[in-house]
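Okay, so here's the structure we're looking at.
Quick note: residue numbers are just sequence positions, from 1.
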Amino acid sequence: MITGFLSLLCLGLCLGFEDEHKNEKLPKPSLKALPGPVVERRANVTLKCHCHFQNVTAMLGKLQDPGYKQEQHSAGYDAEFVLVGLEPETAGTYFCAYQTMGSHEWSEKSEPLQLVITDIRDAPGASSVKTDTRIIFVTTFSCLIIFLLFPSVFLIYRYNRQGSSHEEATKRTGFAKQEASGLSMLERESLSTEDPQEDTSADVNNKAPSEEEPPGSCE
């Protein structure tokens, strides 16, 4: 009698513990996105739901779409939901929950995960890439201008120097011509001043015999 009573008591306690465990609320899982919550358009992302029990059934939902629901059996503690070919309408707020083999209710929902789909032009790194490209372009263009400017300045300097040297040579030639013409004029003037003296002396020599009296005129 005592043994049977103890057996019934233990069976009742066990059944009551199992009912209490079944009615106990399951702890909420955690949800994260791999490689990250900000994904480019047409790329793939994996939403991983981490549960507190192994071999459970996980469910992925979306706050903006009550009819959206995906179920996946976990391998261990994690259940993975792979979203491929993402489009702008795929963006939204996601959550996950799970249920064990012995429970008929879902666990608490995980913390919401905001999934953002960006275009390649609107990606966070796109602006920095554009900025880097502009900096590279401006730097290259500046270096090219500087590279072409030095030969141009050198050619202009050389041309001006040749022009100045040509002008100096022309001036020197003009001065030489002027000096030569000046010398010729002086020579001509000196010659012109010397010629009358020679002529007068010659005339005097020529006229002197004619003025003498002919011999025998006194006789």
Side-chain angles (χ1 to χ4, degrees), residues 10-149:
C10 290
L11 181 60
L13 291 172
C14 291
L15 291 173
F17 178 77
E18 288 181 359
D19 291 338
E20 185 179 358
H21 182 69
K22 287 180 181 180
N23 295 329
E24 188 178 292
K25 199 70 175 177
L26 297 174
K28 63 181 179 181
S30 61
L31 182 64
K32 65 179 180 179
L34 299 175
V38 180
V39 189
E40 294 180 0
R41 185 180 177 185
R42 298 179 182 175
N44 303 334
V45 67
T46 300
L47 302 181
K48 181 181 287 187
C49 183
H50 180 74
C51 308
H52 294 273
F53 300 95
Q54 296 185 9
N55 302 322
V56 298
T57 300
M59 180 267 294
L60 181 68
K62 189 176 183 181
L63 293 180
Q64 290 83 3
D65 187 3
Y68 183 88
K69 184 178 180 181
Q70 290 190 39
E71 292 186 2
Q72 183 78 24
H73 292 284
S74 67
Y77 290 95
D78 298 326
E80 295 183 352
F81 300 89
V82 181
L83 307 180
V84 297
L86 300 179
E87 294 295 336
E89 56 269 16
T90 312
T93 306
Y94 290 84
F95 65 90
C96 73
Y98 66 95
Q99 64 179 4
T100 62
M101 297 295 293
S103 64
H104 301 285
E105 295 181 1
W106 293 99
S107 66
E108 294 184 25
K109 296 179 181 179
S110 65
E111 295 294 331
L113 173 68
Q114 185 70 30
L115 184 64
V116 180
I117 310 300
T118 62
D119 197 354
I120 296 176
R121 294 172 295 179
D122 300 331
S127 59
S128 62
V129 171
K130 289 180 180 179
T131 304
D132 294 339
T133 305
R134 290 177 182 176
I135 292 173
I136 293 172
F137 176 76
V138 171
T139 305
T140 305
F141 187 71
S142 302
C143 293
L144 183 61
I145 291 176
I146 293 172
F147 180 76
L148 295 176
L149 186 61

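- Using a 4.5 Å heavy-atom threshold, the side chains of Met59 and Lys69 count as touching.
- In this structure, Lys62 and Ala91 approach most closely via the heavy-atom pair NZ-O, 3.3 Å.
- Contact of the Gln70 side chain with the Leu47 side chain is not registered, since no non-hydrogen atoms from C-beta on lie closer than 4.5 Å.
- Contact check for Ser110 versus Tyr98: no side-chain heavy atoms found under the 4.5 Å cut-off.
- The heavy-atom pair separating Ile117 from Arg41 by the smallest distance is CG2-CA, 3.9 Å.
- Between Thr93 and Gln64 the shortest side-chain heavy-atom distance falls below 4.5 Å.
- The line from CG of Leu113 to CG of Leu63 is 10.5 Å long, rounded to the nearest 0.5 Å.
- Take Tyr77 and apply the ring pair (Phe, Tyr, Trp, His ring centres under 6.0 Å) test, not counting sequence neighbours, and it matches no residue.
- Heavy-atom contacts from other residues, nucleotides or ligands closer than 6.0 Å to NZ of Lys109 number 12 or fewer.
- Side-chain contact check for Thr90 versus Val39: every heavy-atom pair is 4.5 Å or farther apart.
- Shortest non-hydrogen contact noted between Gln54 and Ser74 is C-OG, 4.3 Å.
- A heavy-atom distance below 4.5 Å is not found between the side chains of Pro37 and Gln114.
- For residues 33-79, every residue pair satisfying the disulfide bond (SG atoms under 2.5 Å apart) rule, not counting sequence neighbours, is listed here: Cys49-Cys96.
- Heavy atoms only, all atoms of each residue included: Glu108 and Pro29 are closest at O-CD, 3.1 Å.
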message: Using the rule given for side chain to side chain donor-acceptor pair (under 3.5 Å), can you reason through Glu40 versus Thr118, listing the C-alpha separation, both sets of side-chain angles and the distance that settles it, and then say yes or no?
response: CA-CA 5 Å; Glu40 294 180 0; Thr118 62; 5.9 Å; no
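- The nearest pair of heavy atoms linking Val56 to Gln99 is CB-O, 3.5 Å.
- Considering all non-hydrogen atoms of both residues, Leu26 and Glu105 come closest at CD1-O, 4.2 Å.
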